[in-house]
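Just so it is clear, the values below take in all heavy atoms, side chains as well, and ignore hydrogens, waters and symmetry mates. Since we're looking at a predicted model, the values are computed, not measured.
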Amino acid sequence: SSSSSSSDATTTSSSKKKKRSPSPAHVINIGVFADLSRGLLTVESLEKEELSLVSKLHFRLHPPTSGIFNEYLILFLIRQNALRVNPSLEVGSIQEDALHHIFEVAKYHTELSTFDVTLTSQCRPSCVAAASILNALEYLRQRLGDAKIPPGVGDAFESNAINMVPGNPDETADEINKARQCLRQLCPPESLDAWPGGWNDLGNKDMEEPPKDQIMEEGAGAEAPKSPTGVNSDITCCTSRNY
């Protein structure tokens with residue numbers, strides 16, 4: 001009897017668990033929105049307006065953001081990638097830890113850019129990303145020194161970025177400079193010094209030399225290193241004229 005009661009309890013407990021399990025998510029039908037309008041809208045009118053909206057956007061419903069461009073453009077700070085764009089460049093090698101720091105500060109810049117109407121409406125995401133990386137380079141080079149970020153890296157990156165972004169090079173250069181000025185106002189150096197991911201964590205402490213196997217390898221025969229995000233650096237940055 002005790003065994004039967006315990007089995008009944010187990011069955012009851014399992015049935016309760018089954019009842020508590022969440023039901024699978026359902027796709028909301030467009031008719032629900034028509035019903036919510038209380039007769040003001042029909043399914044047909046909603047579908048017509050939706051088609052008009054996406055047509056005006058040229059079906060660009062998920063365009064690349066400045067954060068996405070940041071992940072691609074950061075790869076061209078690596079010497080071997082920079083030379084693939086312009087073999088005549090004279091540029092040194094950035095150490096891996098410095099590259100990671102540049103990426104993190106640039107990422108912070110691109111996140112802040114979403115709060116500025118000029119950066120979101122008058123500057124392409126690719127230019128905002130390039131400006132974020134250049135400002136991060138400028139900020140960290142003053143604090144980490146030439147040993148971590150060699151001279152000329154910023155100029156070489158800016159030259160490559162201007163050539164990689166579609167459009168008139170002079171207009172692209174002006175757009176990047178405009179974005180850099182806006183970002184400096186949004187994020188001055190003193191605010192970065194107080195930021196948890198800024199100078200206090202990255203460069204205000206004695207940074208030991210990384211092991212040789214952590215320094216970016218050079219040369220055409222070297223295996224393509226990976227970016228701070230884990231993306232292989234052997235990649236082509238493809239942008240459209242609008243981004």
Side-chain angles (χ1 to χ4, degrees), residues 58 60 63-96 98-110 113 116 118-141 146 148-184 216-229 231-243:
H58 302 287
R60 293 173 183 152
T65 63
S66 56
I68 295 296
F69 278 111
N70 183 36
E71 295 185 8
Y72 285 101
L73 290 176
I74 196 77
L75 301 175
F76 294 93
L77 286 176
I78 300 172
R79 184 174 184 272
Q80 66 186 54
N81 289 341
L83 293 177
R84 290 176 185 175
V85 179
N86 186 354
S88 64
L89 287 176
E90 294 184 6
V91 58
S93 298
I94 294 182
Q95 293 187 359
E96 187 173 5
L99 186 66
H100 174 76
H101 299 335
I102 293 167
F103 173 76
E104 290 299 329
V105 176
K107 179 182 176 183
Y108 181 58
H109 277 81
T110 58
S113 70
D116 189 276
T118 300
L119 292 171
T120 54
S121 64
Q122 300 179 23
C123 297
R124 288 171 290 174
S126 55
C127 292
V128 173
S132 298
I133 293 172
L134 286 167
N135 282 11
L137 267 171
E138 180 182 64
Y139 168 76
L140 287 170
R141 188 167 178 272
D146 294 349
K148 298 286 183 180
I149 305 175
V153 169
D155 292 338
F157 174 81
E158 185 173 16
S159 175
N160 279 344
I162 291 171
N163 291 324
M164 286 188 293
V165 175
N168 183 285
D170 293 334
E171 293 178 358
T172 299
D174 291 342
E175 194 173 336
I176 291 175
N177 288 330
K178 181 179 182 179
R180 292 192 69 182
Q181 292 174 9
C182 291
L183 287 170
R184 287 192 187 104
M216 292 299 177
E217 295 182 341
E218 302 178 14
E223 181 182 356
K226 296 196 174 182
S227 77
T229 58
V231 180
N232 194 289
S233 63
D234 187 12
I235 193 168
T236 302
C237 181
C238 300
T239 63
S240 88
R241 195 169 296 276
N242 298 297
Y243 304 117

Kindly indicate whether the side chain of [X], heavy atoms from C-beta on, has any atom under 4.5 Å from the side chain of [Y].
X: Val128; Y: Cys123; answer: yes
X: Met164; Y: Leu73; answer: yes
X: Glu96; Y: His101; answer: no
X: Thr65; Y: Thr110; answer: no
X: Phe76; Y: Arg84; answer: no
X: Thr120; Y: Ser113; answer: no

Would you say [X]'s side chain and [Y]'s backbone share a donor-acceptor pair under 3.5 angstrom?
X: Asn70; Y: Ser66; result: no
X: Arg79; Y: Ile94; result: no
X: Arg141; Y: Ile149; result: yes

Checklist entry - Glu171: what forms a salt bridge (Lys or Arg N to Asp or Glu O under 4.0 Å) with it, not counting sequence neighbours? => result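 In terms of salt bridge (Lys or Arg N to Asp or Glu O under 4.0 Å), with neighbours along the sequence ignored, Glu171 is linked to no residue.
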Item to check | Pairing residues for Glu175 by the salt bridge (Lys or Arg N to Asp or Glu O under 4.0 Å) criterion, not counting sequence neighbours | outcome: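 Listed in chain order: Arg124.
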Nearest 0.5 angstrom please: [X] [atom1] to [Y] [atom2], how far?
X: Ile102; Y: Glu138; atom1: CD1; atom2: CD; value: 12.0 Å
X: Lys107; Y: Ser132; atom1: NZ; atom2: OG; value: 12.5 Å
X: Phe103; Y: Tyr108; atom1: CZ; atom2: OH; value: 15.5 Å
X: Arg180; Y: Leu119; atom1: CZ; atom2: CG; value: 13.0 Å
X: Asn135; Y: Cys182; atom1: CG; atom2: SG; value: 10.5 Å
X: Leu183; Y: Thr118; atom1: CG; atom2: OG1; value: 10.5 Å

Output a table of donor-acceptor pairs, distance under 3.5 Å, between side-chain atoms of residues 150-161 and any protein atom two or more places apart or on a different chain; print 'none' if there are none.
| from | atom 1 | to | atom 2 | distance (Å) |
| --- | --- | --- | --- | --- |
| Asn160 | ND2 | Ala82 | O | 3.3 |

Checklist entry - Going through the checks in order, is the side-chain contact (heavy atoms from CB on, under 4.5 Å) test met by Thr172 and Asn163? => result CA-CA 9 Å; Thr172 299; Asn163 291 324; over 6 Å; no
Checklist entry - Closest approach of Ile74 and Glu71, non-hydrogen atoms and distance? => result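 Looking at all heavy atoms of both residues, the shortest contact is CG2-O, 3.3 Å.
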